[in-house]
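As structure tokens, the structure follows; a few thoughts come after it.
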Protein chains: 2
Amino acid sequence: MLTKSSTELVRQQNSALVLSALRRRGALAHTEIAEQTGLASATISAITAELERIGAIAKSEHHVQGGRGRPRVLFAPKRDCGYVIVVRISSDLVQYSLADYGGVLLDRFDEARGEDHAGAVVFGRRFAAALERLLERSGIAREQVLAVSISSKGLVAADGARLLWSPVFGKEELDFTDLLGDEWRGRIMLSNETLLVAQALAVQAENKGGALRALAAISLGHSIGLGLARRSRSGEFDVSAPNFGHMLHAASAGLCRCGAHGCVEAAAGFYGILRTAFEVPSDTIPAKFVPLVEMDKIAAGARQGHRMSAYAFRQAGLALGIGISRLISLYEPMPIFVTGPGLRYFDLLQKGMEEGLQQSLQVRLQGMPEVAVAADEQQLVFDGHLNRALTAVDGDIATAGHQAA
Amino acid sequence: MLTKSSTELVRQQNSALVLSALRRRGALAHTEIAEQTGLASATISAITAELERIGAIAKSEHHVQGGRGRPRVLFAPKRDCGYVIVVRISSDLVQYSLADYGGVLLDRFDEARGEDHAGAVVFGRRFAAALERLLERSGIAREQVLAVSISSKGLVAADGARLLWSPVFGKEELDFTDLLGDEWRGRIMLSNETLLVAQALAVQAENKGGALRALAAISLGHSIGLGLARRSRSGEFDVSAPNFGHMLHAASAGLCRCGAHGCVEAAAGFYGILRTAFEVPSDTIPAKFVPLVEMDKIAAGARQGHRMSAYAFRQAGLALGIGISRLISLYEPMPIFVTGPGLRYFDLLQKGMEEGLQQSLQVRLQGMPEVAVAADEQQLVFDGHLNRALTAVDGDIATAGHQAA
DNA sequence: ATTTATTTTCTCGACTGTCGAGAAAAAAGC
DNA sequence: GCTTTTTTCTCGACAGTCGAGAAAATAAAT
């Protein structure tokens, strides 16, 4: 269904456009903004004046300039315009970060979550307390927080901020909007972790100027995550995190942590590899956690020619390759970025992956998708958080603009 | 990347909105348009005046009215504003239709395509000649054709009108834009057949007022087609036709018509079912064509308790069910509409489908997707053609509007 | 020191668009 | 013929973008 437009919406969209240009390039002068956005100079004047009035951007003072002519005045997002909180939930710890509107990290601490398998309720309390602590340490008021961006592995509801299933909490549903209550003015966002990796990679690729249509990020670890970024008709990136790890691979993959049989993860997740390598029956209940050193040992064995270990990695690679072939059958060919702790075994997985990929019509018609490696997953996740949260905040500001009279 | 907006774009969007309201509801009065679109009465006056000036809409004369007050004047798309040609390419025949801008069918004929396995070049000539014939029969000039909408089974390029792979022409790529040359003013659109079914079903659902997020259409026949309609962030339906039939199902499915092994189609397509029922080795080269009577015999056998026939349908259902479970793993849960000639065996497939679906985490978490039946595939395809073509034409008219001074 | 050239920012009027209110139109009821 | 009712049309206010040119501010030239 189409929806009606109006002159006010035009201003909103163009304001958001200006903000996004400033966010991407840092600090820009009037003329540069005009060039980047394609808007007329007069329009830039009007929009920057408005954004400055409501305190979203400010003239940056230091003019490092040679050249003649009237000196440029640079605009940049006003860093103390507001703040965002970023929370990364992983199986062993929860990382809380505070950044300003300029995207600069101000504070960060981790909380181990060894014992609170007590469940969601206990976690909820600790979570709320940690946010308080973060604000207190930096002396920032709750009203100045424009967004709380949370990430976890698992399945996230498309709307709202509900965690439907996660390796950490299982089926216990977690609604972060409820959990935080209505004391928070800012928006509360929940994203799948690997979605954020895809987001970060897509933004990187765009800044490099490549005009790619879509990309996928696959995170290898105890579980398998997938993030997808596809350019929508409007030119924006649509990111999503389909349930790749628990897509059905083949019955032979055995019992998965989720309770089903034959998930991709059951073959390609750490516990799956371990099970195959040690020839444990495939319907054995999966290990809760496999230390990296354990995996390293298996990998070392595989590299030294130990048959069963090599076979385990090969089977994992095959599961991934076939999974990716299904992915591009159901979407479209796109480059794949592999990341996560399992990346260090990429050499052992690669052969199986290629073999799996070869099996699909699409690959045979259009060639193998490009498979690249993306190190430093944690940094990418954090970058994705900031991208997404600050873009959303920019949108809010552009929308609010004319109301704040 | 966001893109700049302007007041002219506002008019374009609102014009398109008015046109789409008129297209959906037929003929509407000034006040009704305002109600439907949410636009102010004054705006409706301006837009309808403009659209009437360029000849896209006209006041419909017959006022069937009681009630007092000033009589309404109804606007409706002006049927002779232009024409669209619809071409359905199927394995045994090509159907050419001509409809006017109001969506009314004016002329139609079929051409058998028994012998022209000569290939794309010969087909191209016959195709162009058929379009000429269609115009001649109705006395319509080429310039009045606003769109040529073509459909086929197979893989269609996301941009342009290129058929990348099809059961009819195989790997021989067919570019309909080249094929028709530059003598055609209107736009040339190529869509996968089942995509159009999804389009038609989505429009039907929307007119019924249901607010569904997404749906999938699966066409069962000699090959297996999938059409997907998902509501994008802007509220519009995004339709696509992923390569479901040639997604890898399981190696056991045997040799597929596309040359790969283990496609969904190799198990669930007519030739796959036939192969299993007759216990032909699964790497036998698939039958080019299986007559429906042949399939009916196998189905009759299955219904009377013939083991191997029942097994064949069950395996086909299983392949579909597992395929759908992968689909909703990689997208989201959505209702499934089954259509196509294979629909008549739905009773035999159903059990296997449900079994396959049960295996995924998502189904276990969120329940079975609704599986419904959509009869009359050909009508749906035609409706989808008109929907898509006329919507595109409406967009063109809204865009052109202010230029045609 | 003054002038000139250059570059950037700002401002003004024209244009396009939407909206609300009320005038005008056209039919039915009295 | 007058009133009531309903719909359409029109007018002025307001919001936004754009192009052109004025104004500002500096470096180089004289």
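The chains referred to below are lettered A, B, ... by the order of the sequence lines, with proteins before strands, and numbering in each begins at 1.
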Between A:Glu32 and A:Ser5, whichever has its closest DNA chain C nucleotide further toward 5' is A:Glu32

Under 4.0 Å, counting only non-hydrogen atoms across every strand here, what does B:Ala46 touch: a base, just sugar-phosphate, or nothing?
nothing

Under a 3.5 Å distance rule, please check whether [X] uses its side chain to pair with a backbone N or O of [Y] as donor and acceptor.
X	Y	answer
B:His30	B:Ser41	yes
A:Glu206	A:Ala211	no
B:Gln199	B:His385	no

What's the [atom1]-[atom2] distance between [X] and [N], to the nearest Å?
X	N	atom1	atom2	value
A:Gln13	D:dG16	CD	C1'	13 Å
B:His30	D:dT6	NE2	C1'	12 Å
A:Arg11	D:dG16	CZ	P	5 Å
A:Ile47	D:dG16	CD1	C1'	9 Å
A:Leu17	D:dT17	CG	P	11 Å
B:Ile33	C:dC19	CD1	P	14 Å
A:Leu39	C:dT9	CG	P	15 Å
A:Glu8	D:dA13	CD	C1'	13 Å

Measure from the side chain of [X], starting at C-beta and using heavy atoms only, and say which of [options] lies closest.
X	options	value
A:Arg68	D:dA24, C:dT18, D:dA28	D:dA28
A:Lys4	C:dC19, D:dC18, D:dG16	C:dC19
B:Thr31	D:dT7, D:dT4, D:dA23	D:dT7
A:Ala42	C:dT11, C:dT18, C:dT7	C:dT11
A:Arg72	C:dT9, C:dG20, D:dC18	C:dT9

Judged by each residue's nearest nucleotide on DNA chain D, which is more toward the 5′ side, B:Thr7 or B:Ser45?
B:Ser45

Counting only distance, no hydrogens or angles, is the base of C:dC19 paired donor-acceptor with the side chain of B:Ser41 under 3.5 Å?
no

Derivation and outcome, salt bridge (Lys or Arg N to Asp or Glu O under 4.0 Å), residues B:Glu332 and B:Arg230
CA-CA 10 Å; B:Glu332 59 189 308; B:Arg230 303 198 314 144; 3.2 Å; yes

Quick check on C:dT18: is either OP1 or OP2 less than 4.0 Å from any side-chain nitrogen or oxygen of B:Asn14?
yes

Closer than 4.0 angstrom, basic N to acidic O: yes or no for B:Arg233 and A:Glu236?
no

